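Since the structure comes first, as structure tokens, the remarks are kept for the end.
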Amino acid sequence: MDVTDHYEDVRKIYDDFLKNSNMLDLIDVYQKCRALTSNCENYNTVSPSQLLDFLSGKQYAVGDETDLSIPTSPTSKYNRDNEKVQLLARKIIFSYLNLLVNSKNDLAVAYILNIPDRGLGREAFTDLKHAAREKQMSIFLVATSFIRTIELGGKGYAPPPSDPLRTHVKGLSNFINFIDKLDEILGEIPNPSIAGGQILSVIKMQLIKGQNSRDPFCKAIEEVAQDLDLRIKNIINSQEGVVALSTTDISPARPKSHAINHGTAYCGRDTVKALLVLLDEEAANAPTKNKAELLYDEENTIHHHGTSILTLFRSPTQVNNSIKPLRERICVSMQEKKIKRV
């Protein structure tokens, strides 16, 4: 085809559009498939891993003439592993922040309940889940209520010995007390910039405590915490700039005389607003660099222990009576309807 005028500009705009929309051009995929098949012994065979690497943008680019039969280099493998560790660190820290601003976030609880290790495995989460379903409360509020009653004690007030949560008292107490520490920072430090940095610092120290400082996970936690601290400060600065512009030449309102503890009544509100903006920004980002990674496996739901956190929401108890196949159940239902009509 003849090259149109201003082709380079059009091509750049189009490439930027594909990049921002997390998409690929089908012509590029077709050309890459031809390049892959031409380098394979079997002309019609394309290795799934080769095509995945291309779609993920990890190893090869369109028009790359590298020998595709050569295995991935240790450097590229290290980079992929490092990306996974970074993603894991971000998920953990953001889960703590999510729970801090929304106590009803059961998914966040599932992710950080046992990070770091508190001895709270699948059985503990299942017991919490069943108790939450019975009391129609969030999982975190059930855990908090249970620990509070244990701490208050008293005859006839403490949970009964038969309560399944009693076997997880130590781990749940550790978890609830840590979240309480974050809440204290939120409520006692009026400066949102200092409060946000302090919250991230406490979470970071909790996660790397007792770990080797050279461990990739510890390094990732350090880097993510530092990045989020800077982002929170930028958010607060931008919010203060907007407020300053909107209140120019306007006299500040006097505090109400009947207000009690006026200086601390809304302490923590500005910090929560900054954290919500941070969480919204993160939620708007794609979970992976490319949709191919999202379709390839369940990396986005993988827990720190290597299992999908979504499986935590399944009950581990097995039902003795196996469920009949759908076809058989439909036939039985139709037979019952016929009998009723007769």
Side-chain angles (χ1 to χ4, degrees), residues 83-147 164-165 168 171-172 174-183 186 199-200 202-204 206-207 217 220-221 224-225 228 231-232 272-289 291 293-317:
E83 288 178 2
K84 291 180 180 179
V85 175
Q86 283 277 345
L87 182 60
L88 174 64
R90 294 181 70 85
K91 287 179 181 178
I92 293 172
I93 293 180
F94 271 105
S95 293
Y96 272 110
L97 297 180
N98 263 303
L99 184 61
L100 189 60
V101 300
N102 180 13
S103 61
K104 295 183 179 180
N105 194 326
D106 290 345
L107 195 60
V109 175
Y111 211 93
I112 60 176
L113 183 65
N114 200 38
I115 302 179
D117 186 10
R118 301 183 176 95
L120 300 174
R122 179 173 180 141
E123 181 182 353
F125 184 83
T126 302
D127 291 339
L128 282 171
K129 179 185 63 178
H130 290 169
R133 186 179 302 167
E134 179 182 350
K135 298 179 181 180
Q136 296 184 349
M137 297 168 59
S138 71
I139 292 177
F140 177 73
L141 291 180
V142 165
T144 303
S145 175
F146 174 77
I147 293 301
L165 296 180
H168 316 297
L172 290 176
N174 179 290
F175 177 65
I176 297 302
N177 290 335
F178 178 68
I179 301 300
D180 286 344
K181 185 184 298 185
L182 299 181
D183 278 325
L186 194 64
I199 288 171
L200 290 171
V202 171
I203 294 175
K204 178 188 71 175
Q206 177 77 356
L207 294 174
F217 177 72
I221 290 293
V224 172
L228 296 186
R231 287 176 60 184
I232 289 175
V272 171
K273 288 168 62 177
L275 292 178
L276 287 173
V277 173
L278 179 67
L279 293 170
D280 287 344
E281 290 179 354
E282 184 68 12
N285 292 331
T288 60
K289 285 188 175 180
K291 292 180 181 177
E293 291 184 20
L294 185 63
L295 299 175
Y296 183 67
D297 56 16
E298 294 182 342
E299 282 189 2
N300 287 289
T301 59
I302 294 299
H303 194 271
H304 184 51
H305 303 292
T307 58
S308 173
I309 61 171
L310 298 182
T311 61
L312 292 175
F313 289 87
R314 303 175 188 166
S315 177
T317 56

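The structure presented is a predicted model; accordingly, all values stated were derived computationally and were not measured. For this chain, numbers begin at 1 and follow the sequence in order.
In this structure, Thr144 contributes its side chain and Phe140 its backbone to a donor-acceptor pair below 3.5 Å. At distances below 3.5 Å, not a single donor-acceptor pair connects side-chain atoms of Asn102 with backbone N or O atoms of Asn98. Asn114 places a side-chain N or O within donor-acceptor distance of the main-chain N or O of Leu120, the cut-off being under 3.5 Å.
Nearest heavy atoms, Ile93 versus Ala225: CD1-N, 4.2 Å. What you find for Pro116 and Gln206 is that their closest heavy atoms are CG-O, 3.6 Å. When all heavy atoms of Ala108 and Ser95 are compared, the pair lying nearest together is CB-O, 3.5 Å. Considering all non-hydrogen atoms of both residues, Val142 and Ala132 come closest at CG2-CA, 3.5 Å. Considering every non-hydrogen atom in both Ser138 and Ser103, the closest pair reads OG-O, 3.2 Å.
Atoms CG and NZ, from Leu278 and Lys273 in turn, are 15.0 Å apart once rounded to the nearest 0.5 Å. Taken to the nearest 0.5 Å, the CZ atom of Arg231 stands 5.0 Å off from the CD atom of Glu281. In this structure, CG on Leu87 lies 9.0 Å from CD on Glu83, to the nearest 0.5 angstrom. Of the inter-residue distances, the one linking Lys129 atom NZ with Arg122 atom CZ reads 7.0 Å to the nearest 0.5 angstrom. Lys91 NZ to Ile112 CD1: the interatomic distance, rounded to the nearest 0.5 Å, is 14.0 Å.
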Task: Leu228 and Phe94: CA distance, side-chain angles, deciding distance, side-chain contact (heavy atoms from CB on, under 4.5 Å) verdict - done: CA-CA 9 Å; Leu228 296 186; Phe94 271 105; 3.6 Å; yes

Open item on the list: One pair to check against side-chain contact (heavy atoms from CB on, under 4.5 Å): Ile139 and Leu113. What are the steps and the verdict?
Closed with: CA-CA 10 Å; Ile139 292 177; Leu113 183 65; over 6 Å; no

Task: Criterion side-chain contact (heavy atoms from CB on, under 4.5 Å) on Ile92 and Phe217, from CA distance to verdict - done: CA-CA 11 Å; Ile92 293 172; Phe217 177 72; 3.7 Å; yes

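Counting heavy atoms from C-beta on, the side chains of Ile203 and Leu97 come closer than 4.5 Å.
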Donor-acceptor list for residues 175-183 side chains, cut-off 3.5 Å, not counting sequence neighbours:
from	atom 1	to	atom 2	distance (Å)
Asn177	ND2	Ser173	O	3.0
Asn177	ND2	Ser173	OG	3.2
Asp180	OD1	Arg148	NH2	3.1
Asp180	OD2	Arg148	NH1	3.3
Asp180	OD2	Arg148	NH2	3.0

